[in-house]
There are 2 protein chains.
Amino acid sequence: MKKLINSPDTVLADALRGVAAAHPELSVDLENRLVVSTAPREGRVAVISGGGSGHEPLHSGFVGAGMLDAACAGEVFTSPTPDQMLAAAQQVDSGAGVLFIVKNYTGDVLNFEMAAELAGDDNIQTASVVVADDVAVQDSTYTAGRRGVGTTVIVEKIAGAAAAEGKSLAEVAAIAEKVSSAGRSMGVALTSCTVPAVGHPSFDLPDDEMEVGVGIHGEPGRKRVPLENAHDIAHDLVTAIADDADFTGAPVIALLSGLGGTPLIELYVIYADIAAALAERGIEVARVLVGDYITSLDMAGCSLTLVRADDEMLRLWDAPVNTTALRWGV
Amino acid sequence: MKKLINSPDTVLADALRGVAAAHPELSVDLENRLVVSTAPREGRVAVISGGGSGHEPLHSGFVGAGMLDAACAGEVFTSPTPDQMLAAAQQVDSGAGVLFIVKNYTGDVLNFEMAAELAGDDNIQTASVVVADDVAVQDSTYTAGRRGVGTTVIVEKIAGAAAAEGKSLAEVAAIAEKVSSAGRSMGVALTSCTVPAVGHPSFDLPDDEMEVGVGIHGEPGRKRVPLENAHDIAHDLVTAIADDADFTGAPVIALLSGLGGTPLIELYVIYADIAAALAERGIEVARVLVGDYITSLDMAGCSLTLVRADDEMLRLWDAPVNTTALRWGV
């Protein structure tokens with residue numbers, strides 16, 4: 001295992017210290033493993049997300065004005081605890097309530113549910129949206145129902161913008177739910193990832209094969225097939241996603257994310273083919289991000305996410321955001 | 001070789017098509033392999049850079065208002081041609097002249113020199129700054145003198161801001177030269193990179209070793225040593241850089257870049273140790289970027305760059321920039 005780490009046991013703590021050192025404009029709570037925005041939130045709904053680490057910049061990179069108020073970091077590929085989530089809610093609730101954005105993994109869902117109960121006991125009003133957008137498989141190793149992947153980024157951006165506008169908790173939750181429902185995603189892995197505490201690749205993938213529909217923790221996908229070129233991979237991803245929901249007749253927000261070990265030049269190569277495949281199907285891309293946004297440690301590969309967008313979603317997408325991984329309008 | 005590509009021969013062309021598809025706000029000249037800013041430049045000095053591909057987002061990701069007016073893309077790890085550079089100059093010169101920002105590799109330097117001559121024949125005034133900041137080795141496979149690496153990003157940002165302010169070509173060139181002279185950099189590779197047209201790793205690196213002082217094309221560095229932890233790598237990098245120039249008594253702009261195959265969580269892990277090592281030496285970090293900014297295809301590892309900054313450099317660093325890879329103030 002070749003990684004820039006000190007010890008498998010200290011990866012998360014060390015990374016949070018690095019975030020704190022690099023970004024003094026953020027507040028990093030090392031004890032509770034939270035990254036907290038210092039943007040004013042008086043009277044506004046607070047938006048919180050979190051999950052296992054290893055998917056950076058998700059979620060800590062999206063903390064800041066116009067997006068998340070706090071991110072709860074679990075150990076690598078491990079859900080954060082209800083106590084962390086409660087601490088986050090306590091730190092960011094201004095009285096207007098808290099929205100939890102939850103990726104659909106069993107541990108995350110249970111722990112955020114428990115956190116919502118604890119917050120209720122503490123007179124903090126909460127709502128939750130669960131993202132379950134991965135079309136690859138119906139159930140997986142860590143999930144009942146679809147896994148939650150790339151749409152999470154777009155839910156976090158749009159919910160954060162809605163909260164920044166002063167919408168109520170019910171309104172922010174409804175918009176988040178709308179975005180979540182409108183998103184579909186699928187990924188492909190060319191290599192496995194290696195969890196630091198394990199020390200060897202999570203799965204074996206021969207030099208001439210790829211895993212279509214891989215999960216962001218290396219969970220098995222739809223099929224293992226001989227390595228394809230970018231054009232064919234692009235068509236696989238677009239077909240799987242566009243066959244699952246209707247993306248015609250309205251613009252989409254597209255996210256092409258690297259999985260952590262794939263360089264940007266390759267993402268642009270395959271984005272050219274994805275754009276062509278989307279155009280062939282009559283899907284209009286109104287906004288797009290290309291880069292590492294939701295990753296799987298050092299896995300090589302990419303994931304494509306499409307969200308069918310209405311005018312309000314586009315307006316909120318375009319609203320100012322000031323985080324370490326997404327920044328515009330400020 | 002596992003890559004998201006169609007053919008080793010079409011990587012650059014395909015990637016440029018992807019950039020064009022993803023970023024309609026940029027002008028991509030596929031014939032001349034240029035990415036050109038659409039920001040107004042009337043009366044302003046134009047800033048151009050370029051080099052071999054495989055280091056993305058350098059240079060194309062830095063094209064836009066407040067930074068580069070154009071980037072010339074060579075094939076992977078191959079200098080662009082004088083004709084490309086001339087075409088770029090012709091497209092972006094508004095009469096105020098053009099600054100070429102050149103990384104110190106023999107091919108790049110010769111070709112930009114020839115482009116300057118051709119531009120002169122075309123009545124385009126040019127100036128050039130050569131970045132040669134890599135403290136690892138004095139001469140290398142592709143270089144007489146030091147290689148040019150991470151300081152290039154900072155030169156491009158600050159020169160672009162100076163040009164945006166309406167400074168003259170001589171003034172912009174002088175500031176670029178000042179930044180270039182004030183920067184030092186070094187990298188470490190945990191793995192090799194694989195050039196698509198070659199199809200196998202550029203060099204062999206055993207599972208328990210790393211290359212200290214590696215070049216961004218996989219050129220040999222200072223030494224090959226047993227794999228160290230993040231703390232020790234951080235100290236190696238900081239020591240090599242800070243022993244080469246005085247970084248005390250003035251703030252620095254720091255850039256910790258991944259090399260393409262290293263995930264963000266690891267960059268934050270080692271940045272925590274880098275920040276501590278810098279503090280130990282009394283070096284004050286005024287601004288910092290952590291992420292993939294100058295890469296080497298899929299190489300795992302990182303590079304650290306420090307630029308000793310004065311007030312003008314910090315002011316220009318903070319000026320608005322609107323590119324795909326760096327964006328603030330807009």
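Chain letters run A, B, ... following the sequence lines, proteins first and then strands; every chain starts at 1.
Summarising the geometry, atom CG belonging to A:D298 is positioned 10.5 Å from atom CG belonging to A:L259; distances are rounded to the nearest 0.5 Å. Note that OG of A:S257 is 9.0 Å distant from CG of A:L58, once rounded to the nearest 0.5 Å.
When heavy atoms are compared at a cutoff of 4.5 Å, B:E209 approaches chain A solely by way of its backbone atoms N, CA, C and O. In this structure, chain A has no heavy atom under 4.5 Å from any part of B:T295. Of the atoms belonging to B:V330, it is backbone heavy atoms, and not side-chain ones, that fall under 4.5 Å from chain A. Both the backbone and the side chain of B:A22 come within contact range of chain A, judged by heavy atoms closer than 4.5 Å. Proximity to chain A (any heavy atom under 4.5 Å) is shown, for B:I265, by both the backbone and the side chain. Neither the backbone nor the side chain of B:N322 has a heavy atom closer than 4.5 Å to any heavy atom of chain A. For B:M299, no part sits under 4.5 Å from any heavy atom of chain A, backbone or side chain. For chain A, the nearby parts of B:L205 are the backbone and the side chain; heavy atoms of each come within less than 4.5 Å. Contact annotation for B:I233: only side-chain heavy atoms (C-beta onward) come within less than 4.5 Å of a heavy atom of chain A.
Of the charged side-chain nitrogens involved, none lies within less than 4.0 Å of a carboxylate oxygen, so that B:D208 and A:K2 do not count as a salt-bridged pair.
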Evaluate the side-chain contact (heavy atoms from CB on, under 4.5 Å) criterion for residues A:L190 and A:L227: first the C-alpha distance (whole Å), next the side-chain angles of each, then the deciding distance (0.1 Å), finally the verdict. CA-CA 8 Å; A:L190 305 191; A:L227 188 61; 3.6 Å; yes
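Taking the ring centroids of B:Y271 and A:H23, they lie at or beyond the 6.0 Å cut-off.
Considering B:E25, B:K157, B:M67 as possible partners of B:T323, the one that fulfils the side-chain contact (heavy atoms from CB on, under 4.5 Å) test is B:M67.
Taking B:L12, B:V288, B:N6, B:L289 one by one and counting their heavy-atom pairs under 4.5 Å with chain A, the maximum is reached by B:N6. Interface remark: of the candidates A:A276, A:S60, A:A275, A:G329, A:G329 forms the most heavy-atom pairs closer than 4.5 Å to chain B. Of the listed residues (A:N229, A:V269, A:T262, A:I274), the one with the most heavy-atom contacts under 4.5 Å to chain B is A:V269. Here A:R327 is the residue among A:M1, A:R17, A:R327 with the most heavy-atom pairs under 4.5 Å with chain B. With chain B as the partner, the residue from A:T324, A:I270, A:V19 showing the most heavy-atom pairs under 4.5 Å is A:V19. In terms of heavy-atom pairs under 4.5 Å with chain B, the best-connected choice from A:T191, A:D273, A:D292, A:V285 is A:D273. For the set A:M210, A:E228, A:H231, the count of heavy-atom pairs under 4.5 angstrom toward chain B peaks at A:H231.
Considering only heavy atoms from C-beta on, A:L267 comes within 4.5 Å of A:V290 through its side chain.
Under the 3.5 Å distance criterion, with hydrogens and angles disregarded, a donor-acceptor pair is assigned to the side chains of B:D14 and B:T10.
Note on ring orientation: taking the six-membered ring where Trp is involved, the planes of B:F77 and B:H55 are parallel (angle under 30°, cut-offs 30° and 60°).
The neighbour count for A:D204 CG, taken as heavy atoms of other residues, nucleotides or ligands under 6.0 Å away, does not exceed 12.
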